[in-house]
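Just so it is clear: chains get the letters A, B, ... in the order the sequence lines come, proteins before strands, and each one is counted from 1. The model shown is predicted, which means the values in this text are computed figures rather than measured ones.
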Number of protein chains: 2
Amino acid sequence: MANEELYLKLLAQRDIKPTAIRLLVLKELLRADRAYSLLDLENRLVTVDKSTIFRTITLFLGHHLIHAIDDGSGSLKYAVCGSDCNCEVDDLHTHFYCESCHRTFCFKQIHIPSVSLPDGFSTHSINYVIKGLCSDCAGKKR
Amino acid sequence: MANEELYLKLLAQRDIKPTAIRLLVLKELLRADRAYSLLDLENRLVTVDKSTIFRTITLFLGHHLIHAIDDGSGSLKYAVCGSDCNCEVDDLHTHFYCESCHRTFCFKQIHIPSVSLPDGFSTHSINYVIKGLCSDCAGKKR
DNA sequence: TTCTGTTTGCAATCGGGTTGCATGTTCTTT
DNA sequence: AAAGAACATGCAACCCGATTGCAAACAGAA
């Protein structure tokens with residue numbers, strides 16, 4: 001299957017040794033149309049222990065294969081980075097948290113607008129999360 | 001003391017019955033030059049139980065006396081709102097989290113820049129947190 | 001004062017995240 | 001192929017910030 005090769009390639013690009021579980025986790029993250037929490041992954045990968053998922057996510061984060069989003073829901077969410085991403089300021093995009101369905105979306109096409117800081121402060125990264133209703137939920141309410 | 005009257009006035013403006021502990025908490029938040037976590041408050045108000053601090057903060061939040069900032073540190077931080085603030089989009093300002101000293105600052109003068117959302121999405125609030133080094137810590141490193 | 005509702009402290013609980021350790025698997029060397 | 005080292009995984013326990021149940025303390029109304 002061609003997809004398998006894609007997963008292997010993504011792992012190789014980030015210097016991550018491919019294991020069955022890492023492929024499973026990556027596959028699940030790529031299949032999602034949104035960012036998953038650890039619990040989301042646990043619920044979808046019932047055969048895999050949560051500590052293993054945690055360590056896999058930690059590994060992926062360290063190798064910049066995925067990025068973490070703190071959407072304020074109390075649990076971090078994770079999504080696969082673009083292939084050219086190094087998780088630096090220029091790579092940052094905005095995120096959207098739906099307060100109705102509690103899903104978190106990456107707006108990869110919407111770059112985070114920058115502000116000028118007071119003297120002496122320096123930026124390492126920026127977290128920009130918009131909270132509101134997603135298109136599905138806003139539609140349902142009408 | 002004139003300050004006492006200020007605290008009472010702030011509570012009254014938000015329809016919060018003043019108690020000794022509420023005054024203590026408000027005083028501590030106003031004295032700070034930054035946003036405090038629950039733990040920060042517990043450490044400064046050692047005579048007050050942490051559940052009481054929590055319930056006080058919850059009350060203050062519900063009455064828009066303070067706002068919460070999720071700086072990604074794992075614990076929320078709290079700061080007193082401006083007197084004209086309703087915690088709506090127009091009232092939002094940016095925040096700064098120092099990755100060295102772990103303090104969180106309100107940049108009340110820096111408004112959050114907005115972005116245009118995809119069709120169907122609607123904004124309720126925005127969390128904009130810049131992470132990096134504050135002026136104190138950036139200075140020390142040199 | 002007495003009654004009622006609110007506020008507070010203490011202890012217990014919850015839940016996401018994290019770690020220690022033993023087992024299982026893979027890789028390397030011979 | 002066998003032996004040993006290194007890595008990956010599962011299980012159980014733990015950590016810590018947040019939250020809740022409950023009873024005692026307190027404040028205000030009758």
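Residues Arg44(B) and Leu41(B) fail the side-chain proximity criterion, which asks for heavy atoms closer than 4.5 Å.
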Quiz prompt | Step-by-step side-chain hydrogen bond (donor to acceptor under 3.5 Å, both in side chains) determination, His102(A) to Tyr97(A) | solution = CA-CA 6 Å; His102(A) 307 294; Tyr97(A) 175 72; 2.9 Å; yes

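The CD1 atom of Ile21(A) sits 11 Å away from the P atom of dT26(C) (whole-angstrom rounding). Atom P of nucleotide dC22(D) and atom CG of Asp49(B) are separated by 17 Å, given to the nearest angstrom. In this structure, Leu38(A) atom CG and dG15(C) atom P are separated by 16 Å, rounded to whole Å. The CG atom of Leu59(B) sits 11 Å away from the C1' atom of dT7(C) (whole-angstrom rounding). The distance from atom NZ of Lys17(A) to atom C1' of dT9(D) is 12 Å, rounded to the nearest whole Å. Atom CD of Glu42(A) is separated from atom C1' of dG10(D) by 13 Å (rounded to the nearest Å). What separates CZ of Arg22(B) from C1' of dT8(C) is a distance of 10 Å, to the nearest Å. Atom-to-atom, CD1 of Ile57(A) to C1' of dT9(D) comes out at 15 Å; the value is rounded to the nearest Å.
Relative to the side chain of Leu76(B), the nucleotides dA18(D), dT18(C), dT8(C) differ in distance, and dA18(D) lies closest. Nearest nucleotide to the side chain of Phe54(A), out of dT19(C), dG16(C), dT9(D): dT19(C).
Contact detail for Ala68(A) and Tyr78(A): the closest heavy-atom pair is CB-CE2, 3.7 Å.
The residue Ser73(B) sits apart from the nucleic acid: no heavy atom pair falls under 4.0 Å. Residue Ser51(B) is in base contact, counting any heavy-atom pair closer than 4.0 Å across all strands shown. Counting non-hydrogen atoms under 4.0 angstrom, Thr52(A) reaches a base of the nucleic acid. At the heavy-atom level, Lys50(A) lies under 4.0 Å from base atoms of the strands shown.
Side-chain N/O atoms of Arg55(A) and base N/O atoms of dG17(C) include no donor-acceptor pair closer than 3.5 Å.
With a 6.0 Å radius and a threshold of 12 heavy atoms from other residues, nucleotides or ligands, Asn43(A) has its CG atom above the threshold. Other residues, nucleotides and ligands contribute only 12 or fewer heavy atoms inside 6.0 Å of the NZ atom of Lys9(B).
Phosphate contact (OP1/OP2 of dT9(D), side-chain N/O of Thr19(A), threshold under 4.0 Å): present.
Residue order along DNA chain D, read from the 5' end via each residue's closest nucleotide, puts Ala20(A) first among Ala20(A) and Ser75(B). Of the two residues contacting DNA chain C, namely Ile53(B) and Gly74(A), the nearest-nucleotide position lying further toward the 5' end is that of Ile53(B).
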